[in-house]
A.B. asks: 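Have a look at this one.
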Amino acid sequence: MTDDPSDTGPNDEGLLDDEEPEVEETGPERRCIATGTVRPKVELLRFSVAPDGTVVPDLGHILPGRGIWLSASRDVVNTAVAKKLFAKAARRQVGMPPDLADRIEALLVRRCLDTVGLARRAGQAVMGFEKVCAEVRSGRAGLLFAARDAGRDGREKVRALAGSGLAVIELFDGAELGSVFGRDAAVHVCLSPGKLARRLIEESGLLAGFREGEPGRSAGSA
């Protein structure tokens with residue numbers, strides 16, 4: 001990068017993946033085409049333009065071609081669509097799904113729940129208040145979930161368990177969490193520390209910009 005992060009030269013309107021050097025401390029950074037904010041790639045949403053000219057969310061950062069980056073926020077996505085910023089960054093006409101923000105939210109929810117499913121199959125996720133309590137007390141907890149549509153008592157129990165040392169995510173409905181475990185609903189869920197828990201913290205951070213409120217999680221590491 002240049003010494004001044006705001007000086008991106010020709011990449012100011014849309015950065016190419018192979019034109020921005022890596023930053024040792026935080027990893028590669030990109031500029032949001034709507035706000036101008038420069039942030040690590042993991043904190044932004046990547047989009048690609050398909051061969052037919054349609055803008056496609058690339059949450060896994062795997063699609064070829066020019067990367068277009070946005071801050072993870074429903075308002076920012078809607079602003080980029082309304083002001084035709086995708087076409088400006090791509091330097092061509094592009095097709096835009098009218099419900100792009102809703103599609104991104106659904107994709108993020110699916111990615112997060114799939115990761116919880118991976119953790120469950122690996123023996124790294126449990127549900128139920130007593131099981132979650134046991135994991136926390138034994139020091140085997142790296143991340144906690146509280147269903148956002150649960151009663152206040154249920155959510156406060158999870159926050160109390162977490163204290164100041166564990167992340168608590170409150171972005172998913174009980175039915176969404178329960179689906180991972182083959183149940184109608186789940187209020188209390190725990191993941192073991194490790195790669196999957198860290199991935200969920202990152203991806204739920206993106207989802208927070210598309211669901212009402214901020215994630216109810218305390219500072220902590222997975």
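What you see is a predicted model; the values in this text were computed from it and never measured. These numbers come from the heavy atoms of this one structure, side chains and all, not from hydrogens, waters or symmetry mates.
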A.B. asks: With sequence neighbours excluded, what pairs up with D114 under the salt bridge (Lys or Arg N to Asp or Glu O under 4.0 Å) test?
C.D. replies: R110
A.B. asks: Whether the side chain of R31 engages the backbone of G36 through a donor-acceptor N/O pair (distance < 3.5 Å, no angle test) should be reported.
C.D. replies: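 Yes, R31 side chain to G36 backbone: donor-acceptor pair under 3.5 Å.
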A.B. asks: Heavy-atom distance under 4.5 Å between the side chains of R159 and E170, does that happen here?
C.D. replies: yes
A.B. asks: Looking at R66 and A90, would you say the former's side chain and the latter's main chain have a donor-acceptor pair under 3.5 Å?
C.D. replies: no
A.B. asks: Mind checking whether V187 and M127 sit in one hydrophobic cluster, side chains of I, L, V, M, F, W, Y counted as touching below 4.5 Å?
C.D. replies: no
A.B. asks: Which distance, rounded to the nearest 0.5 Å, do you find between the CG of L44 and the CG of L206?
C.D. replies: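 Interatomic distance, L44 CG to L206 CG, rounded to 0.5 Å: 8.5 Å.
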A.B. asks: What pairs of donor and acceptor atoms, side-chain ones from residues 118-125 against any protein atom, are under 3.5 angstrom apart with sequence neighbours left out?
C.D. replies:
from : atom 1 : to   : atom 2 : distance (Å)
R120 : NE     : V180 : O      : 2.9

A.B. asks: If you measure from CG on L191 to OG1 on T115, what distance do you get to the nearest 0.5 Å?
C.D. replies: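 Reported value, rounded in 0.5 Å steps: 9.0 Å.
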A.B. asks: Kindly give the heavy-atom pair with the smallest separation between V55 and P97, and that separation in Å.
C.D. replies: O-CD, 4.0 Å
A.B. asks: Do side-chain atoms of T35 reach the backbone of T37 as a donor and acceptor pair under 3.5 angstrom?
C.D. replies: yes
A.B. asks: May I ask you to decide if T54's main-chain N or O and D52's side chain share a donor-acceptor pair within less than 3.5 Å?
C.D. replies: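 Side chain of D52 to backbone of T54: a pair is present.
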A.B. asks: Check I201 against A167 and note the closest heavy-atom contact, atom names and distance.
C.D. replies: CD1-CB, 4.0 Å
A.B. asks: Can you confirm whether R183 is buried at CZ, in the sense that more than 12 heavy atoms of other residues, nucleotides or ligands lie under 6.0 Å from that atom?
C.D. replies: no
A.B. asks: Would you compute the distance between atom CZ of R148 and atom CD1 of I169 and round it to the nearest 0.5 angstrom?
C.D. replies: 13.0 Å
A.B. asks: Do the side chains of K88 and I33 get nearer than 4.5 Å, heavy atoms only?
C.D. replies: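 They are not in side-chain contact.
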A.B. asks: For the atom pair CG (L45) and CG (L108), what is the distance rounded to the nearest 0.5 Å?
C.D. replies: 6.5 Å
A.B. asks: Where do R140 and P193 come nearest, in terms of heavy atoms and distance?
C.D. replies: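 The answer is O-CD, 3.2 Å.
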A.B. asks: Which pair of heavy atoms, one from A141 and one from C190, lies closest together, and at what distance?
C.D. replies: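 Looking at all heavy atoms of both residues, the shortest contact is CB-SG, 3.5 Å.
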A.B. asks: Working note: R198 + L143, criterion side chain to side chain contact (heavy atoms under 4.5 Å, CB included); need CA distance, chi angles, decisive distance, verdict.
C.D. replies: CA-CA 8 Å; R198 291 192 296 271; L143 171 64; over 6 Å; no
A.B. asks: Is D149 reaching over with its side chain to a backbone N or O of G174, donor-acceptor style, under 3.5 angstrom?
C.D. replies: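 Checking the backbone N and O of G174 against the side chain of D149, a donor-acceptor pair under 3.5 Å is found.
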A.B. asks: Can you confirm whether F210 sits close enough to L107 that some side-chain heavy atom of one is under 4.5 Å from a side-chain heavy atom of the other?
C.D. replies: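 They are not in contact (no side-chain heavy atoms under 4.5 Å apart), so the answer is no.
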A.B. asks: Given 3.5 Å as the limit, does a donor-acceptor pair link the side chain of E43 with the main chain of P40, or not?
C.D. replies: no
A.B. asks: Please report the interatomic distance CE(M96) to CZ(F86), rounded to the nearest 0.5 Å.
C.D. replies: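 One finds 4.5 Å between CE of M96 and CZ of F86.
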A.B. asks: Grab the two heavy atoms, one from L63 and one from P57, that are nearest each other, plus how far apart they are.
C.D. replies: CD1-O, 4.4 Å
A.B. asks: Ignoring hydrogens, what is the shortest heavy-atom contact between S204 and C112? Give both atom names and the distance.
C.D. replies: N-SG, 3.9 Å
A.B. asks: For residues R211 and V109, determine if any side-chain heavy atom of one lies less than 4.5 Å from a side-chain heavy atom of the other.
C.D. replies: yes
A.B. asks: Would you confirm whether S48, through its side chain, and P64, through its main-chain N or O, come within 3.5 Å as a donor-acceptor pair?
C.D. replies: yes
A.B. asks: Which is it for L85 and L70 under the side chain to side chain contact (heavy atoms under 4.5 Å, CB included) test, yes or no, and what are the steps along the way?
C.D. replies: CA-CA 10 Å; L85 298 182; L70 276 181; 5.8 Å; no
A.B. asks: Is any side-chain heavy atom of F172 closer than 4.5 Å to a side-chain heavy atom of V116?
C.D. replies: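 No, every pair of side-chain atoms sits at 4.5 Å or beyond.
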A.B. asks: Can you confirm whether R46 sits close enough to K41 that some side-chain heavy atom of one is under 4.5 Å from a side-chain heavy atom of the other?
C.D. replies: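 When only atoms from C-beta onward are counted, K41 and R46 do not touch, as no gap falls below 4.5 Å.
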A.B. asks: Measure the CG-CH2 distance between D58 and W69 for me, rounded to the nearest 0.5 Å.
C.D. replies: 7.5 Å
A.B. asks: Are V126 and L196 linked, directly or through intermediate hydrophobic residues, by side-chain heavy-atom contacts shorter than 4.5 Å (ILVMFWY only)?
C.D. replies: no
A.B. asks: Please determine whether the number of non-hydrogen atoms from other residues, nucleotides or ligands lying under 6.0 Å from atom CG of D184 exceeds 12.
C.D. replies: no
